[in-house]
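Reviewing the structure listed below.
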Amino acid sequence: MRIGLALGASYVECVGSVLTCGRGASDMSEPFQNGGDEEDGGAPFYVNRGGLPIDEPTWERMWQFVGRTHPDGEALARRIREAQDLPRVPIPSVPSFHAGASVPERVEAIQRYIRELQYNHTGTQFFEIKKTRPLTGLMDLAKEMTKEALPIKCLEAVILAIYLTNSITGLERFPISFKTQFSGGCFRHIVLGLHWGNHFGALGISRRDDLMYKPLKHRTLSDLLEDFRDAYSKCWHTLRKVKIGPYVSHDPHSVEQIDWKHSVLDVQELGREGLRRELERHSREMRLRITKGPPSPPKDRKRDVTASPQRGQSSPQRRDRPERRSSGEKSADSKSLPDLGGYQIRV
């Protein structure tokens, strides 16, 4: 695998420069099925479905992609594969944070790590991402990404970013998918949206620097999306649709599935003002979910009420039960309780 990493790194450096120039304006990383293969920015790519280490057919198929894509073709592949003195491939370190690190500092460190893994230009996605997998399975896959330290595409980057931000309290994460049009073709891309306090940002990876990381400085979700729209316009892409999911659980063992398209927004149909209203509606809905809290806190509160009835006075439903027992028809309760107890003793 170390040899494979060295070959892959040389390959990424050589092929990546060509692909970035040739297709740098397009970045489609929300895959769809196409006869067993998938597509990236309008160009077909393969998915390694056999796991790691990569099997021989997948390895050879990746190098065949070099011959079809790079101007030097087979000569480049032969030169890299026959090299005797391969450079040592640096393996990025998973970011660790000191107690005083702020949320923006942690987010920036995570983005730096994702960038150090490099964008995958090899024509083969190394990790198979099934969007319907439970969150716990995707987190196991993200852990494997940190272990293997291979180049990734943007869907893999989203899963990895979720894994690396699970421990950041107060930082909410949600998927944002883009569908754009350029020169008659449709292209897709995905990033991980971030919400912290009154600030929005994004984590991810792309061939273009302005289509991935966004610092936590945008005041609204609409401002964040407008930033991405401007970035797309600079490379002559027209934004067609945006899909936004709800906040992703911080529990790495959750069996829930990620909702990738809770809100599907037709940018052209809504117009700028309509899009802003829909994004505000989505933000309000997500804030309400935070206010209501996850399923576990109500159970904790119930235990508190049982231990200390005075805490339950703020909840009307929980207040009624102790009141019926301690007040109201006292004579009826006092008569019925001894009879019930006696009946239980007799039985």
Side-chain angles (χ1 to χ4, degrees), residues 29-31 94-95 97 103-104 106-111 113-114 117 127-146 152-178 188-206 212-216 218 220-221 224-225 228 241-265 278-298:
S29 295
E30 183 186 355
V94 178
F97 313 109
V103 171
R106 298 183 183 204
V107 168
E108 186 177 355
I110 291 171
Q111 179 61 46
Y113 171 75
I114 292 175
L117 290 177
F127 302 95
E128 183 181 10
I129 306 294
K130 295 181 179 179
K131 289 187 171 183
T132 56
R133 285 189 70 180
L135 187 59
T136 178
L138 294 175
M139 294 302 95
D140 289 340
L141 189 60
K143 191 182 300 183
E144 187 178 1
M145 291 183 200
T146 62
I152 57 177
K153 291 183 176 291
C154 55
L155 181 58
E156 295 163 298
V158 166
I159 302 302
L160 182 58
I162 292 173
Y163 172 74
L164 295 174
T165 55
N166 272 337
S167 62
I168 303 181
T169 305
L171 180 69
E172 301 299 337
R173 300 83 43 81
F174 55 98
I176 307 176
S177 304
F178 303 95
R188 292 174 174 84
H189 180 46
I190 186 169
V191 297
L192 183 67
L194 306 175
H195 182 200
W196 173 66
N198 295 321
H199 304 278
F200 288 85
L203 286 169
I205 198 167
S206 170
M212 48 182 190
Y213 174 58
K214 302 293 182 184
L216 286 164
H218 299 82
T220 65
L221 180 57
L224 176 64
L225 267 293
F228 276 104
K241 282 188 178 180
V242 177
K243 298 177 183 177
I244 308 176
Y247 294 150
V248 178
S249 171
H250 282 260
D251 180 7
H253 307 294
S254 172
V255 295
E256 297 177 0
Q257 294 179 351
I258 297 176
D259 187 349
W260 300 94
K261 47 183 180 179
H262 181 78
S263 298
V264 181
L265 309 176
E278 286 298 316
L279 292 173
E280 288 180 355
R281 179 194 59 78
H282 183 89
S283 298
R284 285 195 303 270
E285 185 177 339
M286 294 304 100
R287 283 196 296 270
L288 285 175
R289 291 193 179 193
I290 293 181
T291 304
K292 291 179 180 178
S296 55

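Just so you know, these numbers use all the heavy atoms, side chains as well, and skip hydrogens, waters and symmetry mates.
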Is the closest side-chain heavy-atom distance between [X] and [Y] below 4.5 Å?
| X | Y | value |
| --- | --- | --- |
| Met145 | Phe127 | yes |
| Pro215 | Val107 | no |
| Tyr163 | Thr146 | yes |
| Glu285 | Leu288 | no |
| Asp251 | Leu135 | no |

To the nearest 0.5 Å, how far apart are [atom1] in [X] and [atom2] in [Y]?
| X | Y | atom1 | atom2 | answer |
| --- | --- | --- | --- | --- |
| His189 | Phe228 | NE2 | CZ | 6.0 Å |
| Phe200 | Glu172 | CZ | CD | 10.5 Å |
| Ile190 | Lys243 | CD1 | NZ | 9.5 Å |
| Leu265 | Leu279 | CG | CG | 6.0 Å |
| His195 | Leu221 | NE2 | CG | 9.0 Å |
| Tyr213 | Ile110 | OH | CD1 | 10.0 Å |

For [X] versus [Y], what's the shortest heavy-atom pair and its separation?
| X | Y | result |
| --- | --- | --- |
| Asn166 | Met139 | ND2-SD, 3.5 Å |
| Val242 | Phe178 | CG2-CD2, 4.2 Å |
| Gln111 | Met212 | NE2-SD, 4.2 Å |
| Arg289 | Pro246 | NH1-CB, 3.4 Å |
| Leu160 | Ala142 | CD1-O, 3.8 Å |
| Ala161 | Leu192 | CB-CD2, 3.6 Å |

Please test Arg281 against Glu278 for salt bridge (charged side-chain N to carboxylate O under 4.0 Å, His left out), starting from the C-alpha separation and ending with a verdict.
-> CA-CA 5 Å; Arg281 179 194 59 78; Glu278 286 298 316; 3.1 Å; yes

Given Ile162 and Leu138, is the side-chain contact (heavy atoms from CB on, under 4.5 Å) satisfied, shown in steps?
-> CA-CA 9 Å; Ile162 292 173; Leu138 294 175; over 6 Å; no

Evaluate side-chain contact (heavy atoms from CB on, under 4.5 Å) for Leu194 paired with Leu224, printing each intermediate quantity in order.
-> CA-CA 10 Å; Leu194 306 175; Leu224 176 64; over 6 Å; no

Steps toward side-chain contact (heavy atoms from CB on, under 4.5 Å) verdict (Ile168, Arg173) = CA-CA 10 Å; Ile168 303 181; Arg173 300 83 43 81; over 6 Å; no

Kindly indicate, with the supporting measurements, whether the criterion side-chain contact (heavy atoms from CB on, under 4.5 Å) is fulfilled by Ile129 and Glu156.
-> CA-CA 7 Å; Ile129 306 294; Glu156 295 163 298; 4.0 Å; yes

Within the side chain of Trp260, is there an N or O that forms a donor-acceptor pair under 3.5 Å with the backbone of Lys131?
->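 Answer holds: yes.
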
When you measure from the side chain of His250 to the backbone N and O of Gly170, does any donor-acceptor pair fall under 3.5 Å?
->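 No, because the side chain of His250 does not come within donor-acceptor range (under 3.5 Å) of the backbone of Gly170.
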
